[in-house]
Amino acid sequence: MLDQSGSPTAEALHAPVLRWYDANARVLPWREPDAGAWAVMVSEFMLQQTPVSRVLPAYEAWLERWPKPVDLAVEPPGEAVRAWDRLGYPRRALRLHAAAQAIVERHGGDVPDDHAALLALPGVGTYTAAAIASFAFGQRHAVVDTNVRRVLARALTGVAQPTISPTAADQRLAVSALPADEPTAARWAVASMELGALVCTARTPRCGDCPIRSRCAWVLAGSPPYDGPPRRGQTYEGTDRQARGRLLAVLRAASGAVPKKTLDASWPDATQRDRALDGLVADGLVEPLGRNRYRLPS
DNA sequence: CACGCGTGGTC
DNA sequence: TGACCAAGCGT
């Protein structure tokens with residue numbers, strides 16, 4: 001069963017993947033029927049590059065403290081940065097705070113259900129806009145994250161890994177694989193993503209547990225190894241990122257302003273430390289207070 | 001489009 | 001044990 005491009009038809013994948021999802025989906029708080037769009041949005045921000053297991057506690061605390069966008073919007077941005085804890089990439093906290101304010105100003109305090117309006121919010125890109133519209137509002141969108149790119153690369157294109165960075169071709173493939181009717185498309189979006197997260201994983205896919213292994217183009221081709229360009233490994237030790245992390249950790253732990261002398265103790269190299277601190281200030285993650293004191297932004 | 005951006009877990 | 005990986009975004 002091949003289409004004009006020579007790929008297996010996506011349509012054959014829908015039923016088995018949806019059935020698999022019904023039986024195997026993880027129970028996650030943002031998937032509860034009464035979770036609401038704000039909960040979905042908070043989870044999506046936190047899940048951008050951070051694993052579910054580390055998101056869960058921060059997510060619970062966040063929604064407990066700020067159950068609606070307006071609750072966060074009235075807080076100083078530094079509180080969002082502090083509550084972000086060690087999820088990483090703390091600029092996401094700042095963007096979520098700014099998005100909450102935009103929701104209050106532009107949408108009366110309710111997360112918008114319109115894709116374009118979502119996309120216009122700070123920190124909401126192609127993926128997150130589609131995810132919120134699909135997961136929270138049941139709309140039909142191609143929700144293309146790294147999991148979905150990998151599932152489609154294997155099942156339809158027949159290669160071990162998707163391209164290193166997302167391409168227009170990925171997006172087109174995902175759109176073409178979308179079920180026609182809205183509710184089914186919305187279920188397919190979560191289900192295909194969950195399959196990528198639990199079974200069709202990057203390193204050691206559990207093909208024995210896969211509901212579409214008999215139709216997977218990659219498996220049918222004999223599971224050929226990845227032959228693309230080497231992925232750019234992310235080093236961390238000794239980078240500015242690590243220095244920024246150290247500095248911000250000190251500021252998060254403090255209740256108010258911190259003397260520069262205290263920050264100095266958190267990173268040995270003065271040049272790199274100052275560059276990192278300047279970067280944090282430029283990003284709005286840190287606020288200088290007078291000459292020699294710093295704090296989280298008010 | 002390639003890069004910078006945190007943090008921790010896994011094999 | 002050090003890569004590699006994890007529901008991306010903005011520039």
Side-chain angles (χ1 to χ4, degrees), chain A residues 25-26 28-31 39-59 81 84-96 98-99 118-136 141-151 160-171 174 189-198 200-205 226 229-252 266-267 272 275-276 278-280 282-286:
Chain A
R26 289 168 292 182
L28 297 169
W30 47 87
R31 286 181 182 165
V40 171
M41 180 166 163
V42 169
S43 76
E44 290 303 334
F45 270 71
M46 292 184 168
L47 288 164
Q48 292 169 2
Q49 303 284 280
T50 303
V52 167
S53 60
R54 283 174 49 214
V55 161
L56 282 169
Y59 166 89
V81 174
W84 199 253
D85 198 37
R86 316 203 57 140
L87 292 180
Y89 294 145
R91 291 190 292 193
R92 290 181 292 164
L94 239 32
R95 292 180 185 140
L96 182 51
L118 287 165
L119 198 52
L121 297 172
V124 176
T126 311
Y127 161 77
T128 304
I132 296 171
S134 178
F135 302 162
H141 296 281
V143 183
V144 187
D145 75 330
T146 184
N147 289 307
V148 168
R149 294 203 316 119
R150 190 173 53 248
V151 167
Q161 301 288 346
T163 54
I164 294 173
S165 45
T167 64
D170 294 335
Q171 196 67 28
V190 239
S192 55
M193 191 175 314
E194 188 79 338
L195 186 67
L198 297 184
C200 193
T201 54
R203 200 143 2 164
T204 313
Y226 175 69
R231 322 221 138 205
R232 175 170 53 88
Q234 35 180 200
T235 52
Y236 185 61
E237 276 298 313
T239 59
D240 284 13
R241 271 148 95 164
Q242 189 183 27
R244 288 166 56 107
R246 290 280 178 78
L247 293 167
L248 208 55
V250 172
L251 289 160
R252 268 198 315 260
S266 68
W267 193 260
Q272 191 177 30
R275 185 172 62 232
D278 288 348
L280 288 169
D283 287 346
L285 283 163
V286 172

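Atom set for the values below is all heavy atoms of this structure, side chains included, hydrogens, waters and symmetry mates excluded. Chain letters run A, B, ... following the sequence lines, proteins first and then strands; every chain starts at 1.
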Which residues pass the ring pair (Phe, Tyr, Trp, His ring centres under 6.0 Å) test with A:Trp267, sequence neighbours left out? none
Show me, pair by pair, the donor-acceptor contacts under 3.5 angstrom made by side chains of residues 86-95 of chain A, not counting sequence neighbours?
unit_1  : atom_1 : unit_2   : atom_2 : d
A:Tyr89 : OH     : A:Arg241 : NH2    : 3.0
A:Arg92 : NE     : A:Tyr89  : O      : 3.3
A:Arg92 : NH1    : A:Phe45  : O      : 3.0
A:Arg92 : NH1    : A:Met46  : O      : 2.9
A:Arg92 : NH1    : A:Gln48  : O      : 2.6
A:Arg92 : NH1    : A:Thr50  : OG1    : 3.4
A:Arg92 : NH2    : A:Thr50  : OG1    : 2.8
A:Arg92 : NH2    : A:Leu87  : O      : 3.2
A:Arg92 : NH2    : A:Gly88  : O      : 2.7

With a 4.0 Å cut-off on heavy atoms, is [X] in touch with a base, just the backbone sugar-phosphate, or nothing at all?
| X | answer |
| --- | --- |
| A:Thr146 | sugar-phosphate |
| A:Leu28 | base |
| A:Ala131 | nothing |
| A:Val124 | sugar-phosphate |
| A:Arg150 | sugar-phosphate |
| A:Thr126 | sugar-phosphate |
| A:Trp84 | nothing |

Listed by chain and number, what are the side chain to side chain contact (heavy atoms under 4.5 Å, CB included) partners of A:Ala98, not counting sequence neighbours? A:Pro122
Distance, P atom - from C:dA7 to B:dC3, rounded to whole angstrom: 22 Å
Can you tell me how far P in B:dG6 sits from the matching atom in C:dT11, rounded to whole Å? 15 Å
Can you name the salt bridge (Lys or Arg N to Asp or Glu O under 4.0 Å) partners of [X], sequence neighbours left out?
| X | value |
| --- | --- |
| A:Arg203 | none |
| A:Arg275 | A:Asp240 |
| A:Arg54 | none |
| A:Arg231 | none |

Mind checking what makes side-chain hydrogen bond (donor to acceptor under 3.5 Å, both in side chains) contact with A:Arg31, not counting sequence neighbours? A:Glu194
Partners passing side-chain hydrogen bond (donor to acceptor under 3.5 Å, both in side chains) against A:Gln49 (at least two apart in sequence or in another chain): none
For nucleotides 5-11 of chain B, 5' to 3', base contacts (B), sugar-phosphate-only contacts (S) and non-contacts (-) with protein non-hydrogen atoms under 4.0 Å give BBBSBB-
Which dot-bracket notation, 5' to 3', represents the base pairing of DNA chain B when pairs are defined as Watson-Crick or G-U with both distances under 3.5 Å, crossing pairs as [ ], and inter-strand pairs as |? .||||.|||||
Span of DNA chain C, from the first to the last nucleotide whose atoms fall under 4.0 Å of chain A heavy atoms: C:dC4 to C:dG10
Could you check A:Arg150 against A:Thr201 for side chain to side chain donor-acceptor pair (under 3.5 Å), going step by step and ending with a plain yes or no? CA-CA 8 Å; A:Arg150 190 173 53 248; A:Thr201 54; over 6 Å; no
Would A:Thr239 and A:Arg244 count as having a side-chain donor-acceptor pair, cut-off 3.5 Å? no
